[in-house]
Amino acid sequence: MARLAQLGLTIDDLDLGGIDAESDYRLDSYFVTTPYVKHALTGRRTQFLGRKGSGKSALFRQIPRLARDRDPRIVVVSITPDQYSWSSLKKYREQGLMPEHAHTNAWKFTLIVEVTAALLAVDEAWRGEAQNAITVLRKFLVDNFGQVNPGLLKSASSILKGMNSFNLSAFGFGIGVDRDQPQMMLTPAVISQLVDLLESVVRQRDVVVALDRLDDSWDGSEESKSLLIGLLKASKDLNDRLGGRGGQPGLRVDVFLRSDIYDEL
């Protein structure tokens with residue numbers, strides 16, 4: 001191997017890339033695909049823990065490209081909550097529920113909205129139950145957000161108003177959702193309806209959701225802990241219910257989190 005001096009170069013002439021994955025524009029050219037990468041795409045692993053600088057964000061950034069290489073039909077939803085979305089989710093409460101249970105509901109609703117918006121944006125000839133489900137989901141988003149792609153902040157903020165303020169006409173009648181019941185009962189009922197609808201859609205089109213930069217607004221408070229515990233529970237619930245099995249399409253939610261924060265939870 002030639003020495004730098006022989007090539008007429010110095011250390012200053014070398015481009016070693018950005019100091020972190022977010023700013024490294026050449027990451028694609030030297031990213032190494034490890035077994036953990038395959039786990040992120042197949043759902044074999046859904047929690048990726050490591051200390052700062054261990055490569056979590058590098059993998060997070062590569063998931064859209066790697067997913068397309070594996071199967072161009074995979075829909076990838078990359079989520080990095082900013083301080084405003086984080087604040088909205090953290091403030092969410094339901095009377096009669098422990099904070100982490102309320103935060104689990106808030107995350108489930110928010111993730112469902114994000115996944116639905118991504119699926120509505122793809123060109124797909126939906127068939128059978130998926131065709132009816134996607135129509136109902138589209139109406140729900142338009143009725144409540146005025147558009148089919150509300151964005152993370154709007155979907156996270158909307159749940160603060162409470163499910164009683166939502167337009168549920170998209171569901172029709174006879175679905176078992178009673179507006180007069182307490183919030184702690186109404187919210188799971190609405191989420192259950194959305195999950196039922198989403199299930200038939202993700203059985204036709206694979207979806208990978210990836211969440212990173214969850215430590216940006218981490219302050220170690222009980223509210224922050226409750227919010228992240230809620231996310232981990234919501235992700236597990238959605239993976240258990242909607243994950244692909246036996247080679248069939250499904251939904252996978254991958255969470256990238258610092259190991260020291262996970263240990264505190």
Side-chain angles (χ1 to χ4, degrees), residues 77-120 133 136-171 175-199 201-202 207 209 211 213-214 216-218 221-239 241-242 251 253 255:
V77 183
S78 299
I79 299 176
T80 53
D82 60 23
Q83 60 178 322
Y84 304 106
S85 304
W86 179 282
S87 176
S88 294
L89 288 164
K90 190 164 64 173
K91 290 177 182 176
Y92 181 68
R93 295 289 187 274
E94 288 180 36
Q95 187 175 1
L97 285 185
M98 295 288 290
E100 67 182 53
H101 293 159
H103 286 144
T104 300
N105 287 336
W107 273 114
K108 275 187 185 177
F109 176 80
T110 302
L111 292 173
I112 288 168
V113 170
E114 292 295 299
V115 170
T116 299
L119 287 167
L120 288 169
V136 175
L137 288 167
R138 181 190 298 274
K139 178 172 172 50
F140 178 82
L141 261 60
V142 172
D143 285 349
N144 290 285
F145 301 105
Q147 55 188 13
V148 296
N149 186 22
L152 182 63
L153 177 58
K154 195 169 184 179
S155 56
S157 301
S158 65
I159 198 172
L160 277 176
K161 301 175 184 178
M163 287 293 175
N164 285 299
S165 66
F166 276 76
N167 183 338
L168 305 180
S169 62
F171 297 148
I175 61 170
V177 174
D178 181 3
R179 282 190 176 277
D180 295 328
Q181 61 188 327
Q183 175 80 357
M184 63 179 291
M185 297 176 64
L186 178 62
T187 302
V190 173
I191 290 174
S192 178
Q193 291 296 321
L194 293 171
V195 170
D196 287 345
L197 291 165
L198 192 59
E199 182 170 16
V201 181
V202 299
V207 181
V209 178
L211 295 108
R213 300 187 63 176
L214 299 169
D216 284 3
S217 298
W218 167 259
S221 66
E222 291 303 313
E223 289 82 3
S224 290
K225 292 178 183 178
S226 173
L227 184 58
L228 286 182
I229 290 173
L231 171 59
L232 294 175
K233 288 185 173 182
S235 300
K236 183 180 186 305
D237 288 349
L238 291 175
N239 285 327
R241 172 69 186 276
L242 303 177
L251 170 68
V253 183
V255 179

Check: How many angstroms lie between OG1 in T116 and CG in L137, if you round to the nearest 0.5 Å?
Finding: 4.5 Å
Checklist line | Where V115 and V209 come nearest, the two heavy atoms and their spacing | finding: CG2-CG2, 3.5 Å
Notebook entry, point to check: Do F140 and N167 come within less than 4.5 Å of each other through their side chains, counting heavy atoms only?
Noted result: no
Check: Which heavy-atom pair separates A156 from L89 by the least distance, and what is that distance?
Finding: CB-CG, 3.8 Å
Margin query: Listing request: all salt bridge (Lys or Arg N to Asp or Glu O under 4.0 Å) pairs with a residue in residues 95-112, at least two apart in sequence or in separate chains.
Written below: E100-K233, K108-D237
Notebook entry, point to check: Atom NZ of K236 and atom OG1 of T104: how far apart are they, to the nearest 0.5 Å?
Noted result: 12.0 Å
Item checked: Residues in side chain to side chain donor-acceptor pair (under 3.5 Å) contact with S226, at least two apart in sequence or another chain -> H103
Next item on the list: Flag yes if more than 12 heavy atoms outside K91 fall under 6.0 Å of its NZ atom; otherwise flag no.
Entry: no
Check: What distance separates I79 CD1 from R213 CZ, expressed to the nearest 0.5 Å?
Finding: 14.0 Å
Notebook entry, point to check: So, for K90 and R93, which heavy atoms are closest and what is the spacing to 0.1 Å?
Noted result: O-NH1, 2.8 Å
Checklist line | T187 side, atom OG1; L97 side, atom CG - distance, nearest 0.5 Å | finding: 8.0 Å
Check: From E94 CD over to L186 CG, what is the distance, rounded to the nearest 0.5 angstrom?
Finding: 9.0 Å
Item checked: 4.5 Å side-chain heavy-atom contact, T110 and Y92 -> no
Checklist line | Heavy-atom side-chain proximity of W107 to V253 below 4.5 angstrom | finding: no
Notebook entry, point to check: Considering all heavy atoms of both residues, which atom of V148 and which atom of L120 are nearest to each other, and what is their separation?
Noted result: CB-CD1, 3.8 Å
Next item on the list: Measure the spacing between CD of E222 and CD1 of I229 and express it to the nearest 0.5 Å.
Entry: 8.5 Å
Notebook entry, point to check: When you look at NZ of K225, are more than 12 heavy atoms from neighbouring residues, nucleotides or ligands closer to it than 6.0 Å?
Noted result: yes
Notebook entry, point to check: Do any N or O atoms from the side chain of S87 and from the backbone of Q83 form a donor-acceptor pair under 3.5 angstrom?
Noted result: no
Margin query: Going by side-chain contact (heavy atoms from CB on, under 4.5 Å), L251 matches just one of L111, I112, L242. Which one?
Written below: L242
Next item on the list: For residues F171 and L194, determine if any side-chain heavy atom of one lies less than 4.5 Å from a side-chain heavy atom of the other.
Entry: yes
Next item on the list: State, with a plain yes or no, whether a side-chain heavy atom of L119 is found less than 4.5 Å away from one of V202.
Entry: yes
Item checked: Residues which pass side chain to side chain donor-acceptor pair (under 3.5 Å) with S224, listed by chain and number, not counting sequence neighbours -> D219, S221
Next item on the list: Heavy atoms only: give me the nearest S155-S158 pair and the separation to one decimal.
Entry: O-OG, 2.8 Å
Next item on the list: Go through the steps to decide whether D82 and D216 satisfy the test side-chain contact (heavy atoms from CB on, under 4.5 Å), and finish with yes or no.
Entry: CA-CA 8 Å; D82 60 23; D216 284 3; over 6 Å; no
Item checked: Residue pairs involving residues 189-199 (criterion salt bridge (Lys or Arg N to Asp or Glu O under 4.0 Å); sequence neighbours excluded) -> D196-R241, E199-R203, E199-R241
Checklist line | Expected output: side-chain E114 to main-chain L152 donor-acceptor under 3.5 Å | finding: yes
Next item on the list: For K139, check side chain to side chain donor-acceptor pair (under 3.5 Å) against everything at least two apart and list the hits.
Entry: D143
Item checked: Geometric class of the F109/F145 ring pair [parallel <30°, tilted 30-60°, perpendicular >60°] -> tilted
Next item on the list: For W86 and L214, work out which heavy atoms get closest and say how close.
Entry: CZ3-O, 3.1 Å
Margin query: Going by side chain to side chain donor-acceptor pair (under 3.5 Å), name the residues that satisfy it together with S157, two or more places apart in sequence or in a different chain.
Written below: S88
